Amino acid sequence: MRLKDYLPSAVMPSLFLPSLATIGAGIFMIIIQTNSAQAAGQYYNCANANGCKLVDSQYFTSSYTKTQYPVVMAHGLGGFTTLFGVIDYFNGIPGELIKGGSEVYTTKTSAVNNSEIRGEQLLQQVKTITAISGKPKVNLFGHSQGGIDIRYVAGVAPKYVASVTAVSSPEQGSKTADFVKKTLEPNNTTGEPSNVTTQLVSGVFNLIGGFTDIGSGISFKQIQQQDGWKALVALSTSGAATFNAKFPAAMPTSYCGHPSSTKVGGINYYSFSGVGQLTSAVDPSDYLLAATGVPFAGESNDGLVSACSSRLGYVIRDNYKMNHLDSADQVLGLTAWGESEPKSIYRTQVNRLKNASL
């Protein structure tokens, strides 16, 4: 009789090896998850003055968005990172990216100011991010005015930038801003708002800026500089022309033209945007965007930015069915049913960067 006939069946290799393999795999995954930062996509909030705080870390099952360099996201006018810990500016997008292996940082600049001041603030955060991540460059994403701010960083400090992606950004100004600026014409001698009404409007902009700073977790002592009039001028057609003369990289030479260059100074430039204002009947912000889109007089726009003005570098698309807030998956993800989802658009773009070894 063979030895195995005397041994309990429970200890036979043919029976217990599968169990051992399962246990071993589980132990291996625990070790990997515990000891390797590379096994998780991570999301940091850089709103605080002392650096960036880890918000979320998820173990990923694919490497679809695992870029060589971190993804850094910049908000638009009146923007924030996470407002009072409840509403993310880029609603759910960082979390979606880290599932595929991205290292994501959201930044906080003056909510209301021009893009040179905001861009300089962003640059200081980019330097901090490179120190934290250990990577020499970043992939910059900017929504609305943030898409101009990131061009400033690429223009003054290109060594820190691998790519620039502008999202629904008024690269050549906004006709909505032109309308408001014309209504609030400044005093001809001082360049400041000329009457009580314009000063009040400027003051409201400044109040909004301070509110979003506090809502993002910035202390009263560290509230960033706000200037509603400078922001309005920067977003006007004339203000954009002044900025573009300083930072012309990957810009078209005419208003409705297409950029001739998609890579400048070793930096890849991209853009995407949408058209339409009423994309979800249950989203109250859509009706506001329908009103702010009136100055475009029928030109394709998203309520605040025209398709022509949004073009920069490689134009992925400028006609997604989404309004200005939809392109950051706001408000609360109430976007056009059956159309391209904002989270999916961002994921595809980050995958594009990955495939470009960025």
Side-chain angles (χ1 to χ4, degrees), residues 41-44 46 52 63-76 90 93-94 96-98 100-107 109 115 118-119 122-169 171 243-244 247-252 258-273 310-318 320 327-328 342-358:
Q42 296 174 314
Y43 164 30
Y44 294 83
C46 299
C52 304
S63 58
Y64 188 76
T65 59
K66 194 173 187 300
T67 52
Q68 179 177 349
Y69 303 112
V71 171
V72 175
M73 312 190 83
H75 62 73
F90 291 97
I93 294 170
E96 188 69 21
L97 295 178
I98 68 174
S102 294
E103 186 174 357
V104 183
Y105 295 80
T106 56
T107 56
T109 61
S115 286
R118 285 164 48 111
L122 177 59
L123 173 57
Q124 302 314 308
Q125 292 175 65
V126 166
K127 290 179 178 178
T128 299
I129 290 165
T130 58
I132 292 172
S133 68
K135 302 294 178 63
K137 298 182 179 182
V138 298
N139 292 303
L140 292 171
F141 279 70
H143 175 253
S144 192
Q145 188 182 357
I148 304 173
D149 303 343
I150 61 178
R151 288 173 53 208
Y152 174 89
V153 175
V156 302
K159 70 177 184 177
Y160 292 108
V161 182
S163 72
V164 164
T165 301
V167 181
S168 300
S169 177
E171 306 295 353
F243 183 89
N244 293 339
F247 305 101
M251 284 292 296
H258 283 270
S260 58
S261 300
T262 61
K263 187 172 184 176
V264 181
I267 299 173
N268 291 46
Y269 287 80
Y270 306 85
S271 62
F272 65 84
S273 60
S310 71
R311 295 171 184 165
L312 175 75
Y314 176 72
V315 181
I316 298 165
R317 271 185 66 178
D318 59 12
Y320 284 111
S327 55
K343 292 184 182 71
S344 177
I345 296 171
Y346 280 84
R347 287 183 73 250
T348 301
Q349 171 57 4
V350 175
N351 176 256
R352 184 178 287 111
L353 299 178
K354 176 198 168 184
N355 292 337
S357 300
L358 301 174

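This is a predicted model, so every value here is computed, not measured.
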### Message
Looking at every non-hydrogen atom in both residues, tell me the closest pair between G142 and I150 and how far apart they are.
### Response
N-CD1, 3.4 Å
### Summary
Nearest heavy-atom approach of F90 to A74 is CZ-O, 3.4 Å
Side-chain heavy-atom pair [X], [Y] within 4.5 angstrom cut-off:
| X | Y | value |
| --- | --- | --- |
| K66 | S102 | no |
| I129 | C46 | yes |
| S115 | Q145 | yes |
| V126 | V138 | yes |

### Message
Can you confirm whether or not the ring centre of F247 sits under 6.0 Å from the ring centre of Y152?
### Response
yes
### Task
Run the ring-centre check on Y160 versus Y69 and record whether the distance is less than 6.0 Å.
no
### Message
Would you say D318 and S310 are linked by a side-chain donor-acceptor pair, where the criterion is simply a distance under 3.5 Å?
### Response
no
### Query
Should the pair Y105 and Y44 be assigned to parallel (<30°), tilted (30 to 60°) or perpendicular (>60°) ring geometry?
parallel
### Task
Could you list the residues that satisfy side-chain hydrogen bond (donor to acceptor under 3.5 Å, both in side chains) with R352, not counting sequence neighbours?
Q349
### Task
Provide the full list of salt bridge (Lys or Arg N to Asp or Glu O under 4.0 Å) pairs with a residue in residues 140-155, sequence neighbours left out, each pair given once.
R118-D149, R151-E171
